[in-house]
Amino acid sequence: MEDALTLTELAFSLNTAWVLICAFLVFFMQAGFGMLEAGFTRAKSAVSVLMKNLMDLSFGVIGFFFLGYAFMFGEGNAFIGAHGFELLNLPPETAGIATGAFFLFQVAFAATAATIVAGAVAERTKFLTYIVLSFLITAFIYPVVGHWVWGGGWLAEIGFVDFAGSTVVHSVGGWLAIISAAFVGPRLGRFDPEKKKSFSGHSIPLATLGVFILWFSWYGFNSGSQLAIASAADTAAVSLIAMNTTLAAALGGISAMTIVWLSTGKPQAGPTLNGVLGGLVGVTAGCAAVSPTGAMIIGIFAGIVVFFATILLEKLKIDDAVGAFPVHGAAGVFGTLAVGLFAVDGGLFYGGGFSLLGIQLLGVVAVAAWIFALAIPVLFILKKIFGLRVSRESEISGLDEHKHGVSAYPDFNR
Amino acid sequence: MEDALTLTELAFSLNTAWVLICAFLVFFMQAGFGMLEAGFTRAKSAVSVLMKNLMDLSFGVIGFFFLGYAFMFGEGNAFIGAHGFELLNLPPETAGIATGAFFLFQVAFAATAATIVAGAVAERTKFLTYIVLSFLITAFIYPVVGHWVWGGGWLAEIGFVDFAGSTVVHSVGGWLAIISAAFVGPRLGRFDPEKKKSFSGHSIPLATLGVFILWFSWYGFNSGSQLAIASAADTAAVSLIAMNTTLAAALGGISAMTIVWLSTGKPQAGPTLNGVLGGLVGVTAGCAAVSPTGAMIIGIFAGIVVFFATILLEKLKIDDAVGAFPVHGAAGVFGTLAVGLFAVDGGLFYGGGFSLLGIQLLGVVAVAAWIFALAIPVLFILKKIFGLRVSRESEISGLDEHKHGVSAYPDFNR
Amino acid sequence: MEDALTLTELAFSLNTAWVLICAFLVFFMQAGFGMLEAGFTRAKSAVSVLMKNLMDLSFGVIGFFFLGYAFMFGEGNAFIGAHGFELLNLPPETAGIATGAFFLFQVAFAATAATIVAGAVAERTKFLTYIVLSFLITAFIYPVVGHWVWGGGWLAEIGFVDFAGSTVVHSVGGWLAIISAAFVGPRLGRFDPEKKKSFSGHSIPLATLGVFILWFSWYGFNSGSQLAIASAADTAAVSLIAMNTTLAAALGGISAMTIVWLSTGKPQAGPTLNGVLGGLVGVTAGCAAVSPTGAMIIGIFAGIVVFFATILLEKLKIDDAVGAFPVHGAAGVFGTLAVGLFAVDGGLFYGGGFSLLGIQLLGVVAVAAWIFALAIPVLFILKKIFGLRVSRESEISGLDEHKHGVSAYPDFNR
């Protein structure tokens with residue numbers, strides 16, 4: 001008896017250790033997003049982007065700690081939870097691991113959903129407005145979706161599959177990104193054909209570093225979502241997840257590079273980097289449910305989806321400064337639907353028929369509807385109270401000097 | 001019997017694996033410090049700062065391996081240890097984990113204490129002098145303090161609480177930073193009001209990357225200090241530690257940003273970044289002893305402490321180029337005292353009275369006294385033998401070209 | 001019975017978790033290599049170097065998944081394996097861990113061998129040619145060597161010791177680097193004494209970041225190669241490995257810095273950074289077989305070997321843009337031979353005589369012969385089909401604008 005108890009305890013410890021390490025990695029994604037978004041925007045506003053990254057993380061932690069966690073995982077109804085505000089009155093164990101570790105993993109996810117918006121609205125959005133929006137995302141907007149899918153809500157009940165968050169995290173961030181970018185409006189001159197070149201990202205090395213950091217951290221994001229490793233079954237699942245993540249990332253990059261190479265004659269860096277991220281986002285929903293072959297197909301198409309979504313935004317004249325919607329929104333939606341096609345258990349191509357695909361589509365649409373229904377009035381109100389955009393002068397001379405009192409690179413001539 | 005033995009062995013392995021992973025993260029802090037310190041100083045001396053970082057790590061490893069470990073953890077008296085030089089004649093197990101893993105974790109801590117000084121004295125200090133100082137710190141100055149608190153010395157005996165090193169690591173580094181900066185003197189023109197702007201850090205993106213890396217690595221620093229995870233109690237402790245670390249970091253950044261915003265009208269990047277670090281340093285002593293609420297309060301005040309300590313240095317005309325003393329010294333002292341206030345078991349606000357607070361104060365003062373007593377004569381002697389400062393010409397044209405034969409950014413116009 | 005089974009299962013999970021975490025770290029080496037190689041080359045070709053890094057990883061994953069893994073670890077003869085293409089028909093467990101985790105660790109190694117070449121041939125090599133070469137390396141060239149040593153092949157049978165790949169990974173990459181660099185020819189003006197200065201690396205901070213990332217990730221590379229941690233013996237081995245890795249890295253940097261300081265009067269950054277990497281590469285073969293003293297001696301001499309190999313390349317007028325051969329080839333060969341000297345069990349200095357040293361020498365020569373025998377015809381054929389070099393115009397104006405349609409730093413004057 002005593003031995004059995006201790007074995008259980010040791011498995012509990014190993015599972016918790018695993019999730020903690022993965023949570024640390026998910027926090028490190030913030031470094032990746034920071035470098036990616038700063039690298040893909042202009043030098044005169046780099047500080048502004050980075051401060052937004054740092055603050056959506058900081059306020060995101062607070063918003064999720066006091067409110068979001070309870071809305072997402074607290075006992076409640078099919079729509080929303082309402083227990084565990086400030087983590088009070090929770091049992092020491094949640095989902096088979098220590099509650100503190102579970103919270104840490106989840107708060108890192110919430111901060112990821114929030115930070116996706118930063119890049120889309122970069123270089124012209126008011127800092128205070130952005131902070132308030134971030135807080136609302138982690139305190140309420142994201143947790144409700146999370147409750148539907150991971151908190152025992154209605155999408156979980158009907159069998160919607162989103163293992164690590166192509167929809168819950170990435171499409172939520174992506175929809176918020178495109179709506180916010182449309183509301184804020186494009187950067188001055190962004191769609192003037194003569195000035196297009198001047199909107200190139202100011203540091204491809206930083207952006208590339210960001211992608212490498214994100215690839216690395218994504219192992220925590222996806223593998224940690226198993227929430228366990230201390231059994232042969234969990235071990236096999238986690239290994240498959242990590243392998244699928246790798247294959248999709250590689251093929252997302254390859255397919256995006258190939259298509260941009262074929263269509264422009266040059267293997268361009270920006271679209272390729274976003275293709276890698278698209279592969280990662282795409283496989284996030286199904287990494288535990290599809291075979292390596294499925295993961296590779298998802299990666300390939302995710303890279304293509306990112307490419308065409310980028311063109312679409314250009315046509316719509318929505319200025320998403322870093323491609324946040326193509327990467328997180330479009331590839332997130334695609335990846336979620338792809339589960340309905342490629343899931344070894346229940347997917348269309350494995351004899352499951354249209355049933356899972358239909359559920360996936362319903363989930364995708366419901367989440368999009370929720371985000372639109374909330375984001376539009378929220379942005380409208382934020383515009384009234386705080387305003388969305390900095391002044392024309394600030395934007396032209398760069399947000400850094402005007403708004404943060406410092407240049408990102410004071411020693412260099414630009 | 002055999003089963004029980006194997007269970008114990010497996011727990012030993014899990015504990016060691018945990019500490020090793022955390023040790024790897026603590027080593028990665030060197031990347032964070034390097035980017036932070038280079039980013040916060042001028043482009044013409046970036047190589048010089050980075051070479052100091054790399055070499056205080058390298059010589060720090062050697063100094064701690066041959067001498068420091070034995071002084072810190074070897075059997076000895078209440079003041080100093082003296083056993084295990086070069087790790088010889090040690091048992092295979094220390095503190096419940098493999099001795100090699102314990103050493104690795106500890107040597108990474110020693111290197112952290114040493115590297116804090118690099119930023120404070122950047123852009124004007126002689127390289128050889130700095131290396132000798134680093135070696136002395138890890139070989140003797142730091143290990144003696146470590147012995148007092150973590151090696152079974154007199155501060156441990158009276159109940160001084162410094163879980164992961166707000167005092168042992170950070171205040172030691174911070175005191176050494178301020179004393180060294182005062183001895184070396186300010187950079188030329190640093191306190192000339194007209195030239196102030198020209199001392200801005202040359203790359204806020206690198207500095208921000210540094211902070212994100214440090215936040216990530218700090219999970220290893222604090223959570224690893226439990227030295228165990230293979231039981232329900234350790235698992236709960238480690239989870240609380242990681243959660244407290246997160247909350248304090250977030251609130252350190254928020255409070256520092258708020259105060260600088262209120263006082264200057266702008267949410268400035270440098271003070272905010274240092275506020276995050278202040279929150280991390282502040283919670284390091286008490287992360288295992290305080291509640292999440294306590295951690296949040298510590299984070300808030302740590303951010304404020306960093307802000308005012310920065311102003312104080314400015315008034316004292318001590319040129320601490322990156323704010324090493326405000327972050328590591330001031331927030332380290334504050335965090336150590338805060339344990340006496342917020343410790344759930346023994347803190348003033350939890351009915352413990354002034355007893356623990358008094359012990360904490362004694363520890364803080366004793367450590368400061370030790371550092372002053374050693375650093376002043378050491379710096380005096382180093383000045384006599386090697387000199388502390390580079391020539392006026394080297395400093396004006398930048399240490400990189402003159403002293404390291406290379407520019408950090410040869411392709412860019414400055 | 002049931003308890004014993006579960007204990008075994010838990011050990012299996014812990015071992016797999018350990019290898020997965022280490023595999024994640026090895027993937028992160030790609031970030032390190034990317035920053036190192038971009039930092040050590042010129043700004044006008046930074047995008048080109050980074051795209052090569054990203055794509056050798058991506059195509060490397062695919063090549064190893066479909067072909068390389070089967071050639072390396074599949075059942076076969078003493079020369080090559082031939083089972084498990086696309087990971088099909090493999091048992092769920094390999095080498096005591098989940099097969100997926102084993103694959104992940106190994107594919108990260110394969111990608112490391114491939115990416116070493118990118119830096120050597122930077123700034124003048126055709127992108128498509130480079131991608132094809134990368135694919136061939138991970139699909140066939142590297143896996144054959146891997147089979148000899150780690151897949152049960154003939155070098156394993158005669159007792160060749162290369163614990164984590166000084167020869168299998170690093171010397172393979174190093175030989176490929178020097179051969180490719182010789183075939184492609186030097187960058188225009190590279191050996192014109194008047195222009196030497198203009199070939200300095202464009203960002204020492206990025207290169208330094210790369211080295212810190214590599215040092216951190218190397219803990220995964222070396223410690224993970226034990227493939228286990230769930231026993232007292234494995235725990236001790238892993239701890240020794242991590243400690244030896246640290247000591248060799250520190251002393252590699254110190255010795256390289258010392259020799260460049262003595263010979264040029266300045267502690268130069270580039271050679272010092274490569275010295276750290278040389279120490280890491282050098283200790284990789286023997287990290288589990290030598291004592292800490294042995295690791296320190298290996299580190300010292302590896303730093304010296306890197307220094308002199310760099311001079312040799314200069315004399316031979318082979319333009320290895322980042323020092324890939326000195327670091328990975330020369331230090332890799334040295335480190336492999338050093339096992340024959342310093343292995344506690346079988347080394348010359350521990351009474352083992354010349355027997356192990358002879359085996360090590362044979363292995364080093366055989367691997368070099370294999371690489372030369374393949375790389376020369378492969379490069380010859382690639383030259384015929386695709387061409388090796390970009391046009392003179394592209395090279396002079398920089399590969400980024402011409403070949404990738406973007407500048408790495410469009411906002412800065414150069």
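In the text below, chain A, chain B and the rest are named by the order of the sequence lines, each starting its count at 1. As a basis for the values below, the full set of heavy atoms in this structure was taken, side chains included, without hydrogen atoms, waters or symmetry mates.
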Exercise. Ser223(A) and Phe24(C): side chain to side chain contact (heavy atoms under 4.5 Å, CB included), yes or no, with the steps?
Worked result: CA-CA 11 Å; Ser223(A) 315; Phe24(C) 304 163; 3.8 Å; yes
For this session: Kindly state whether the ring of Phe127(C) and the ring of Trp261(A) have centres lying under 6.0 angstrom apart.
Result: yes
Exercise. Between Leu14(C) and chain A, which part of the residue has a heavy atom less than 4.5 Å away: side chain, backbone, both or neither?
Worked result: both
For this session: Select one option (side chain, backbone, both, neither) describing which atoms of Leu25(C) are under 4.5 Å from chain A's heavy atoms.
Result: both
Exercise. What's the shortest heavy-atom distance between Lys403(C) and Pro267(A), and which atoms?
Worked result: O-CD, 3.3 Å
Exercise. Has the side chain of Ser13(C) got a donor or acceptor atom that lies under 3.5 Å from a matching backbone atom of Ile229(A)?
Worked result: yes
Seminar exercise, completed: Checking heavy-atom separations under 4.5 Å from chain A, one finds in residues 33-41 of chain C Met35(C)
Problem set entry | Contact origin within Phe65(C) toward chain A - heavy atom pairs under 4.5 Å | side chain
For this session: Of all the heavy-atom pairs spanning Ala230(A) and Leu10(C), show the shortest one and how long it is.
Result: CB-CD1, 3.6 Å
Seminar exercise, completed: Okay, Val260(A) and chain C: the region with an atom under 4.5 Å from a heavy atom over there is neither
Seminar exercise, completed: If you tally heavy-atom pairs under 4.5 Å between each of Leu57(C), Ile131(C), Thr16(C) and chain A, the highest tally belongs to Leu57(C)
For this session: Show your working on side chain to side chain contact (heavy atoms under 4.5 Å, CB included) between Lys266(A) and Val406(C) and close with a plain yes or no.
Result: CA-CA 10 Å; Lys266(A) 288 178 180 170; Val406(C) 66; over 6 Å; no
Exercise. With Glu314(A), which residues qualify under salt bridge (charged side-chain N to carboxylate O under 4.0 Å, His left out), at least two apart?
Worked result: Arg190(A)
Problem set entry | side chain to side chain contact (heavy atoms under 4.5 Å, CB included) involving Ala95(C) - partner list, sequence neighbours excluded | Phe102(C), Leu227(C)
Problem set entry | Gap separating the OG1 atom of Thr272(A) from the NE2 atom of His404(C), nearest 0.5 angstrom | 9.0 Å
Problem set entry | Residue Glu93(C) versus chain A: region with a heavy atom under 4.5 Å | neither
Exercise. Stepwise, does the ring pair (Phe, Tyr, Trp, His ring centres under 6.0 Å) test hold for Phe412(C) with Tyr409(A)?
Worked result: CA-CA 10 Å; Phe412(C) 297 95; Tyr409(A) 304 101; 5.1 Å; yes
Seminar exercise, completed: Okay, Phe199(A) and chain C: the region with an atom under 4.5 Å from a heavy atom over there is neither
For this session: Go through the steps to decide whether Met243(A) and Val107(C) satisfy the test side chain to side chain contact (heavy atoms under 4.5 Å, CB included), and finish with yes or no.
Result: CA-CA 10 Å; Met243(A) 207 164 72; Val107(C) 70; over 6 Å; no
For this session: Carefully, step by step, assess Met29(C) and Phe212(A) under the rule side chain to side chain contact (heavy atoms under 4.5 Å, CB included).
Result: CA-CA 9 Å; Met29(C) 293 180 94; Phe212(A) 277 126; over 6 Å; no
Exercise. Is the count of non-hydrogen atoms from other residues, nucleotides or ligands lying under 6.0 Å from Phe135(C) atom CZ greater than 12?
Worked result: yes
Seminar exercise, completed: Scored by heavy-atom pairs under 4.5 Å with chain C, the best of Val211(A), Thr235(A), Ile21(A), Leu240(A) is Thr235(A)
For this session: State, to 0.1 Å, how close Pro205(A) and Leu50(C) come at their nearest heavy-atom pair, and which atoms those are.
Result: CA-CD1, 3.5 Å
Exercise. Based on non-hydrogen pairs under 4.5 Å, which of Asp400(C), Leu20(C), Val47(C), Ile213(C) is most in contact with chain A?
Worked result: Leu20(C)
Exercise. Which answer fits Leu104(C), side chain, backbone, both or neither, if we ask what part of it has an atom under 4.5 Å from a heavy atom of chain A?
Worked result: side chain
Exercise. Under a 4.5 Å heavy-atom cut-off, does chain C meet the side chain of Thr293(A), its backbone, both or neither?
Worked result: side chain
Exercise. Of the non-hydrogen atoms in Ser200(A) and Pro410(C), which two are nearest, and what is the gap between them?
Worked result: CB-CG, 3.8 Å
Problem set entry | From CE (Met51(C)) to CD (Gln268(A)), nearest 0.5 Å | 9.0 Å
Exercise. Between CG of Leu206(A) and CG of Leu206(C), what distance do you get to the nearest 0.5 Å?
Worked result: 6.5 Å
Atom pairs and distances, side-chain donor-acceptor, residues 245-252 of chain A, under 3.5 Å, sequence neighbours left out:
unit_1    : atom_1 : unit_2    : atom_2 : d
Thr245(A) : OG1    : Asn222(A) : ND2    : 3.1
Thr245(A) : OG1    : Ile241(A) : O      : 2.7
Thr246(A) : OG1    : Tyr219(A) : OH     : 2.7
Thr246(A) : OG1    : Ala242(A) : O      : 2.8

Exercise. Under 3.5 Å, side chain of Asp411(C) to main-chain N/O of His202(A), donor-acceptor pair present?
Worked result: no
For this session: Enter the distance from Leu54(C):CG to Leu273(A):CG here, rounded to the nearest 0.5 Å.
Result: 6.0 Å
Problem set entry | Residue among Ser231(A), Ala236(A), Gly253(A), Ala11(A) with most heavy-atom pairs under 4.5 Å to chain C | Ser231(A)
